[in-house]
Amino acid sequence: MSKKSSTAKSVSSSPVHTLQFVWPGVDGSESQYAMTPLPGTYEDAIRVAIRVFSEQIVTTKPENFTLKLLTRDHEGDFVWATIEPVNWQSFVTGERPIAVYEAPSEESFIHGPVHLILGRRLNGKTLWKTPENWNRQDPVPIENLTEVDRPTSYEDAVVVVKSSGTWFANDNSDEAKTLDISNRRFQFVKFHTDKLQSWSKFPERAYSDAKVWRQVIPVPGGLLGALLLEE
């Protein structure tokens, strides 16, 4: 009797080390979570992540994934920190979750149309070129917007924008019809509502790094804003 009790006690006292994986949500989607036994190496962890997030991933190539550990920055805010594979066993104990990031690539980039909305900054105001007779209480009618292929980079987007016709924002003046935009600067934005009430600028790195651009460009069917900046 005592022997059985001793055996049960020995089994229950052996902890199972686990690790929580997080697939961060993008474009308003919810993050996904998975709990697994703690992998012994960085490479093993990537293989596990590919398996448990099979419905979210685009490619199964391990080199397309990066793992990041939850920590705090110098101001005490939570951030995801990149881990070098060689330091996996030193830093990852299972006490803090690991985020899984899939690197954008030509293979994983989702092609499709986006709806382009042109605008300009004029006298400190942002003006968008919107369909005539549009009631701003309703969603913008996408069937009346210019549809373009989803740009794969800033350079690609500039070419698209420059060939998309007359720019301007509910402005029927001669200036709007003849404005030379060949050497002007552009800023791209993502709209938060289909009524164009709010938007956010692309991060600066998106203009020089195609990988960042592909992370922030609206999904197919979305609204892409292109602003002509003031000289």
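Throughout, residue positions are numbered sequentially from 1 according to the sequence presented. Computed from a predicted model, the values in this text were never measured in an experiment.
For the pair Val92 and Leu67, the minimum side-chain heavy-atom distance is 4.5 Å or more. Residues Trp199 and Thr126 are in side-chain contact: their nearest non-hydrogen atoms beyond the backbone lie under 4.5 Å apart. You'll find the side chain of Thr66 reaches within 4.5 Å of the side chain of Lys68, heavy atoms only. Using a 4.5 Å cut-off on side-chain heavy atoms (C-beta onward), Arg150 and Ile110 make contact. No side-chain heavy atom of Trp23 sits less than 4.5 Å from a side-chain heavy atom of Tyr101. Between Tyr42 and Asn87 there is no side-chain heavy-atom pair separated by less than 4.5 Å. Using a 4.5 Å cut-off on side-chain heavy atoms (C-beta onward), Thr146 and Val148 make contact. Between Trp213 and Phe202, the closest side-chain pair of non-hydrogen atoms falls below 4.5 Å.
Here the closest heavy-atom approach between residue Ser31 and residue Pro24 is recorded as OG-CA, 3.6 Å. Closest non-hydrogen pair, Gly40 versus Gln89, comes out as O-NE2, 2.9 Å. In terms of heavy atoms, Val114 sits closest to Pro151 at CG2-CD, 4.1 Å.
Here CD1 of Ile50 is found 11.5 Å from NZ of Lys61. Values are rounded to the nearest 0.5 Å. Here the CZ-CD1 distance, from Arg51 to Ile46, works out to 13.5 Å after rounding to the nearest 0.5 Å.
Judged by distance alone, the side chain of Asp156 and the main-chain N or O of Thr152 form a donor-acceptor pair under 3.5 Å. No side-chain donor-acceptor contact under 3.5 Å links Gln20 to the backbone of Arg96. With hydrogens and angles disregarded, no donor-acceptor distance shorter than 3.5 Å links the side chain of Trp80 to the backbone of Val100.
Side-chain atoms of Asp44 and Thr41 form a donor-acceptor pair, as typed in the model, at a separation below 3.5 Å.
Taking the centre of each ring, Phe191 and Trp128 come in below the 6.0 Å mark.
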